[in-house]
2 protein chains.
Amino acid sequence: MDDHEQTVLDDLRAHGYKVTQARRAVIRALTGSVRPLSVNELHAQAQRMNPAIGLVTIYRTVELLTHLDLIRPVHLMDNCHGYAVASPGHTHHLVCKKCHRAVEFDGCDLGLFLEQVARETGYRITGHWLELEGICARCQAADGSAPQP
Amino acid sequence: MDDHEQTVLDDLRAHGYKVTQARRAVIRALTGSVRPLSVNELHAQAQRMNPAIGLVTIYRTVELLTHLDLIRPVHLMDNCHGYAVASPGHTHHLVCKKCHRAVEFDGCDLGLFLEQVARETGYRITGHWLELEGICARCQAADGSAPQP
DNA sequence: CTCCAATTGAGAAGGTTTTTCAATTACCCG
DNA sequence: CGGGTAATTGAAAAACCTTCTCAATTGGAG
């Protein structure tokens with residue numbers, strides 16, 4: 001069990017929630033993945049740890065963890081809603097078009113840009129959501145061919 | 001019928017598609033709306049013009065218009081996939097948290113920011129998707145109260 | 001006006017998400 | 001270490017959303 005997994009589990013307990021097999025499984029799958037996972041993918045992973053875990057529980061777990069901001073939904077251009085563990089603070093995801101490997105980045109320097117938009121539109125801007133799509137270093141190297149595993 | 005509606009209809013014809021009641025209805029609903037509309041909202045609007053129009057047709061129409069880049073999907077934080085007429089060029093939407101009124105903005109000055117992220121991550125960035133959320137001028141004025149119509 | 005391919009509505013099928021409820025589990029307490 | 005209790009769960013069903021199929025209709029070219 002890696003550090004991140006432990007942190008999330010502690011956080012769960014700190015909020016008064018029980019640490020169950022299903023929650024452990026979802027968190028482990030996400031901390032162990034380099035890309036956002038869908039509800040179905042999480043279910044498949046969880047069942048490898050305990051085949052009794054049901055799909056419904058995954059939905060509930062994902063809802064809970066999202067609510068606690070321990071994981072975050074990641075919209076992809078096509079299929080909506082994968083999930084990834086949330087680093088503390090405000091981050092965004094950059095997802096590889098070929099292999100779907102995702103990295104988080106922060107230091108979100110949108111401040112000036114947002115100010116300008118606010119001035120132009122008259123809106124008071126309260127939140128933003130940014131997803132980037134690209135091609136990761138590995139897939140650039142293996143150019144033109146099939147996605148990297 | 002406003003200019004924008006006419007433009008879109010002409011565009012349809014130019015691509016060899018028929019201008020049908022259903023397509024007219026969807027386009028009119030979107031050109032007449034200040035916020036992105038979901039498939040269901042489009043269906044409801046279309047039925048006000050002709051109750052015989054079915055939901056399936058709305059799906060097909062939305063797919064066609066999206067394919068032609070005459071309308072664009074707009075992901076919102078909660079419910080995925082509203083649609084809005086596409087202004088030419090690359091734009092993003094800023095949606096009011098209270099009344100859901102949306103404005104488009106362009107002149108997307110993310111260039112420098114994206115370069116920096118590319119340098120940090122090694123990814124070649126091929127696309128981005130930005131949604132802003134805020135409170136529009138009208139709702140700011142009517143502060144604290146119910147959403148404006 | 002007529003004809004033909006494109007388009008449509010209805011119904012059914014496929015998929016995803018939510019609800020309900022009794023059985024099970026995690027963990028607090030002794 | 002067990003035992004009690006409330007939170008959590010799995011299964012089944014319901015609700016919902018999206019796609020498919022096919023016969024009937026419609027737009028627009030001629």
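As the structure is a computational prediction, the values presented were derived from the model and not from experiment. Labels below follow one simple rule: chain letters A, B, ... track the order of the sequence lines, proteins then strands, and each chain is numbered from 1.
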*If you look at every strand shown and take non-hydrogen atoms under 4.0 Å, does B/V39 touch a base, only sugar-phosphate, or nothing?*
nothing
*What is the distance, rounded to the nearest whole Å, between atom NE2 of A/H43 and atom P of C/dG15?*
16 Å
*A/K98/A/E133 salt bridge by N-O under 4.0 Å criterion*: no
*What nucleotide among D/dG28, D/dA6, D/dT9 has an atom nearest to a side-chain atom of B/K18?*
D/dG28
*Are more than 12 heavy atoms from other residues, nucleotides or ligands located less than 6.0 Å from atom CD of B/E41?*
yes
*Whole-Å gap separating P (C/dT18) and CD1 (A/I58)*: 14 Å
*Is the shortest side-chain N/O distance from B/R60 to OP1 or OP2 of C/dT7 below 4.0 Å?*
no
*Closest to the A/L55 side chain: D/dT18, C/dT17, D/dT9?*
C/dT17
*Could you tell me the separation between the CD atom of B/E63 and the C1' atom of C/dA6, rounded to a whole number of Å?*
15 Å
_On DNA chain D, compare the nucleotides closest to B/Q21 and A/Y17; which residue's is nearer the 5' end?_
A/Y17
*asked:* Are A/I27 and A/V85 packed together at the side-chain level, in the sense that at least one heavy-atom pair is separated by less than 4.5 angstrom?
replied: no
*Nearest-Å distance for atom pair OH/P, residues B/Y59 and C/dG14*: 18 Å
*d(CD1, A/I53; P, C/dT24) in whole Å*: 17 Å
*What's the CG-P distance between B/L42 and D/dC17, to the nearest Å?*
14 Å
_Can you give me the closest heavy-atom contact between B/Q45 and B/A29, atom names plus distance?_
CB-CB, 3.8 Å
_Of the options C/dT18, D/dT8, D/dG27, whose atoms approach the side-chain atoms of B/T20 most closely?_
D/dG27
*Check A/V56, A/N50, A/L55 against A/I53 for a side chain to side chain contact (heavy atoms under 4.5 Å, CB included) and give me the one that passes.*
A/N50
*For B/R13 and D/dG28, give me the distance from atom CZ to atom P, rounded to whole Å.*
6 Å
*Atom-to-atom span, CG of B/N50 to P of D/dG27 - whole angstrom*: 10 Å
*Of the candidate nucleotides D/dC20, C/dA26, C/dA6, which contains the atom at the shortest distance from the side chain of B/V56?*
D/dC20
